[in-house]
2 protein chains.
Amino acid sequence: MVTRRRVTIADVARHAQVSTTAVSKVLRNAYGASPAMRDRVRAAIDELGYRPHAAARAMRGRTFTIGVLLPHIRNPFFADILDGLSAQVAETDYQVIIVAGGAGLKEEVRAIEALVDRQVDGILMIAPLTSRADLDKVAETMPAVVLGRHEKSTAYDAVDDDDEYGASLVVEHLIGLGHRRIGHISQKDASRGRRAALPYSIREETYTRVMREHGLGDEIAVATTSWTEEGGYIGTRELLARSPRLTAIFAGADQAAFGALAAVHEAGLSVPGDISVAGYDNTRMAALDHIALTSVDQDGVVMGRTAGRLLLERVEGRTASVRFSVTPTLVPRRSTAAPPG
Amino acid sequence: MVTRRRVTIADVARHAQVSTTAVSKVLRNAYGASPAMRDRVRAAIDELGYRPHAAARAMRGRTFTIGVLLPHIRNPFFADILDGLSAQVAETDYQVIIVAGGAGLKEEVRAIEALVDRQVDGILMIAPLTSRADLDKVAETMPAVVLGRHEKSTAYDAVDDDDEYGASLVVEHLIGLGHRRIGHISQKDASRGRRAALPYSIREETYTRVMREHGLGDEIAVATTSWTEEGGYIGTRELLARSPRLTAIFAGADQAAFGALAAVHEAGLSVPGDISVAGYDNTRMAALDHIALTSVDQDGVVMGRTAGRLLLERVEGRTASVRFSVTPTLVPRRSTAAPPG
DNA sequence: ATGAAAGCGCTAACAT
DNA sequence: ATGTTAGCGCTTTCAT
């Protein structure tokens with residue numbers, strides 16, 4: 001590792017025979033540089049292969065960096081969001097950096113702080129567990145967008161899916177097929193403060209509400225694990241142990257539904273012959289023919305793109321807060337059908 | 001967004017009635033601060049909620065940041081690698097940030113530059129497409145580890161899986177079961193320079209070699225798509241169109257194998273009754289009972305952890321270059337069996 | 001239109 | 001052991 005000195009703005013200035021101020025102006029397209037000077041500076045930049053030093057910029061102005069907080073990178077739905085965000089940001093000078101929050105609140109706080117300390121120009125927090133107050137605090141420091149939480153805030157913009165509607169679509173679908181004993185796989189709450197704000201709690205509460213509305217309050221059965229393959233598997237084994245056996249499972253996320261399918265299969269039961277299974281997120285795996293999982297589509301690409309747009313708007317100066325909500329749709333596939341008998 | 005001024009080292013110094021040097025020393029555990037002073041400074045830091053400003057640190061010394069270049073975040077195998085890396089780095093003061101390379105070479109170069117410009121202290125590049133020369137150039141600038149490429153370099157450390165051995169395990173397994181008409185799904189080459197260095201080309205070449213060694217050179221059938229669900233699906237449809245029909249498919253990655261399973265199913269054929277399917281990576285989905293995909297385990301967690309360790313060692317000063325290679329193992333499951341008839 | 005110069009928050013060489 | 005101070009590379013007044 002040879003520590004070769006980087007080309008700096010001073011090198012460019014010297015090479016182009018102008019002041020560093022001039023170079024800075026050209027770089028930022030700022031007022032006060034003649035076309036002739038612009039050309040000379042640009043030429044020097046190209047010849048020397050100059051690239052701005054982000055840290056030095058950060059000391060004074062922008063870093064041209066958008067920070068994203070992700071709980072983890074296992075859920076392919078997050079990849080859709082990132083695709084949308086990247087597409088939106090690609091045409092600008094901004095760069096997206098991702099930090100993974102990890103399982104707990106402590107790791108998440110550390111991850112958010114890491115982004116703040118690195119002076120990102122804007123931060124997108126995806127399904128954060130942190131308290132409302134902490135989110136507001138972050139949003140006071142820098143432009144912020146929160147994706148996947150159902151709270152109002154004047155400090156940041158919000159992008160979400162109408163989880164209540166989406167979850168009701170699934171439960172109504174299953175009830176419409178004739179199911180009564182429908183189980184639900186939810187996620188253990190790791191958040192601080194109002195649990196009600198996060199998707200898993202809204203989906204669960206909606207499941208409960210719709211069941212009650214149809215007079216099925218006594219049939220409510222929730223397994224609280226995690227929205228992973230393992231979580232879905234374990235939760236389903238738990239639900240299958242009940243008697244009389246349920247006839248349908250609504251997993252709060254596709255990832256968990258895949259685990260559910262495995263558990264049902266392992267128990268020697270068939271889908272949808274014995275048990276119907278539905279998920280949420282409409283990931284690509286769900287669409288594959290041998291899986292054919294009924295799911296809810298919430299268009300992560302659009303959510304990500306919108307989050308990117310809102311964030312850039314805020315970076316440019318908007319302060320009024322905005323909410324963008326996606327209306328999900330049910331995508332019925334072969335994993336759900338009328339109950340046996 | 002209220003732009004509240006951050007607490008700086010000067011604020012801490014004033015509050016603790018010491019010099020900024022003293023604070024800096026305490027922060028870095030540097031020599032020259034009495035226990036008494038340490039305590040006072042620590043107290044002031046806590047009271048004021050001070051956190052170092054990463055950009056300012058970057059101007060002089062370290063950023064305490066490890067940068068990771070990832071092609072994309074869809075492949076769950078990458079999540080294993082990141083888990084390993086995070087575990088290794090978690091106990092240190094370093095923070096991991098991720099940038100996604102995107103599909104093409106151009107995006108990848110931009111992503112790497114973004115990391116370099118942000119002065120990360122070390123960079124982990126996962127299966128980069130960039131030319132050897134460019135990798136060396138990056139490694140000359142900062143400590144670097146490359147994961148998933150089979151080249152020797154004196155500039156960076158390398159972590160890889162023995163893809164040649166892993167691929168041979170699969171092909172030998174299928175041939176051992178009695179298959180002769182075995183197809184392979186490879187990935188389109190987007191790299192610059194020696195294609196031979198990347199996993200997909202090694203797996204493909206190994207497939208070809210082993211087929212020939214068993215006198216099956218005439219049966220070689222490769223579909224070159226991408227290692228995604230879609231790529232596996234399309235590639236398999238292509239392979240299934242051949243006549244006489246092949247009896248086994250070795251997809252170079254689990255993601256592609258899932259698409260292959262869908263295509264086989266959609267064609268009205270059964271797995272493994274009509275067609276055996278094998279993947280590579282041993283992702284969690286592969287282990288699920290209703291998928292039961294034969295795959296190759298290459299322990300991404302260990303690879304990630306090792307990459308992290310090597311990187312930290314380099315940050316601490318090691319310059320001699322190291323290679324770490326994981327020996328993969330075959331994980332046979334129900335998706336492969338003897339051919340029909 | 002152009003450039004000189006101050007300063008962002010920190011580290012480290014150098015006094016004391 | 002403690003503090004003074006000169007930068008790191010850039011942006012941004014403020015003169016000219």
Side-chain angles (χ1 to χ4, degrees), chain A residues 3-42 44-45 48-65 93 113 116-121 141-142, chain B residues 3-42 44-45 48-65 93 113 116-121 141-142:
Chain A
T3 312
R4 231 200 321 263
R5 204 176 59 80
R6 269 184 82 106
V7 178
T8 74
I9 208 173
D11 298 324
V12 176
R14 207 173 304 120
H15 194 261
Q17 315 232 53
V18 298
S19 70
T20 58
T21 309
V23 180
S24 177
K25 281 176 178 167
V26 173
L27 284 173
R28 292 172 294 117
N29 288 312
Y31 172 83
S34 63
M37 170 167 274
R38 296 198 115 72
D39 290 346
R40 278 174 56 198
V41 170
R42 292 239 169 74
I45 287 176
L48 269 46
Y50 167 80
R51 293 201 315 265
H53 189 305
R57 286 188 134 174
M59 296 290 291
R60 300 291 305 197
R62 303 183 175 177
T63 52
F64 292 95
T65 308
D93 286 332
E113 286 178 353
V116 173
D117 295 345
R118 277 158 191 76
Q119 297 275 107
V120 295
D121 295 326
T141 313
M142 56 176 57
Chain B
T3 312
R4 229 200 322 262
R5 205 176 60 79
R6 268 183 83 105
V7 178
T8 73
I9 207 173
D11 298 324
V12 176
R14 206 172 306 121
H15 195 261
Q17 314 232 54
V18 298
S19 69
T20 57
T21 309
V23 180
S24 178
K25 281 175 179 168
V26 173
L27 285 172
R28 293 172 293 118
N29 288 311
Y31 172 81
S34 64
M37 171 167 274
R38 296 197 114 74
D39 289 346
R40 276 172 59 197
V41 171
R42 291 240 167 75
I45 287 176
L48 269 46
Y50 166 80
R51 293 201 315 267
H53 191 303
R57 286 188 134 176
M59 296 291 288
R60 301 293 305 194
R62 304 184 174 175
T63 52
F64 292 95
T65 309
D93 286 331
E113 285 179 353
V116 173
D117 295 347
R118 277 159 191 74
Q119 297 275 106
V120 295
D121 295 325
T141 314
M142 57 176 56

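It should be emphasised that the depicted structure is a prediction, and the values quoted were computed from it without experimental measurement. Below, chain A is the first sequence line, B the second, and so on; all start at residue 1.
The shortest heavy-atom contact between B/Ala55 and A/Met59 is C-SD, 4.0 Å. Across all non-hydrogen atoms, the minimal contact from A/Leu48 to A/Val7 is O-CG2, 3.5 Å. Heavy-atom minimum distance, B/Ala33 versus B/Val26: CB-CG2, 4.4 Å.
Rounded to whole angstrom, the span from the CD1 atom of B/Ile45 across to the C1' atom of C/dG9 amounts to 14 Å. Between the CD atom of B/Gln119 and the C1' atom of C/dT11 there is a distance of 14 Å, given to the nearest Å. If you measure from atom CD1 of A/Ile9 to atom P of C/dC8, you get 18 Å, rounded to the nearest angstrom. One can place CG of B/Asp11 at 11 Å from P of C/dC8, the figure rounded to the nearest angstrom. One can place CZ of B/Phe64 at 12 Å from C1' of C/dC10, the figure rounded to the nearest angstrom. Separating the CG atom of B/Asp117 from the C1' atom of D/dC8 is a distance of 16 Å, rounded to the nearest angstrom. For the pair B/Arg14 CZ and C/dG9 P, the computed distance is 11 Å after rounding to whole Å. In this structure, A/Met59 atom CE and D/dC8 atom P are separated by 13 Å, rounded to whole Å.
With a 4.5 Å cut-off on side-chain heavy atoms, A/Arg57 and A/Leu27 count as touching. Using a 4.5 Å heavy-atom cutoff, the side chains of B/Met142 and B/Val116 are in contact.
Positionally, the nearest nucleotide of DNA chain D for B/Thr20 lies more toward the 5' end than for the other of B/Thr20 and B/Ala56.
A donor atom on one side chain and an acceptor atom on the other are not found under 3.5 Å apart for A/Thr65 and A/Arg118.
Each of D/dT4, D/dC10, D/dC8 was ranked by its minimum atom distance to the side chain of A/Arg60; first place goes to D/dC10.
In this model, the phosphate group of D/dT11 is approached by a side-chain N or O of A/Arg57 to a distance below 4.0 Å at OP1 or OP2. Listed pair A/Thr21 / C/dG3 fails the phosphate criterion, with no side-chain N or O lying under 4.0 Å from OP1 or OP2.
Using a 4.0 Å cut-off on heavy atoms, the residues of residues 25-41 of chain B that approach DNA chain C are B/Arg28, listed by number.
At the heavy-atom level, A/Val23 lies nowhere under 4.0 Å from the strands shown. Among the heavy atoms of the strands lying under 4.0 Å from A/Ser24 is at least one base atom, whether or not backbone atoms are also near.
The backbone N or O of A/Arg51 sits less than 3.5 Å from a side-chain atom of A/Arg6, completing a donor-acceptor pair.
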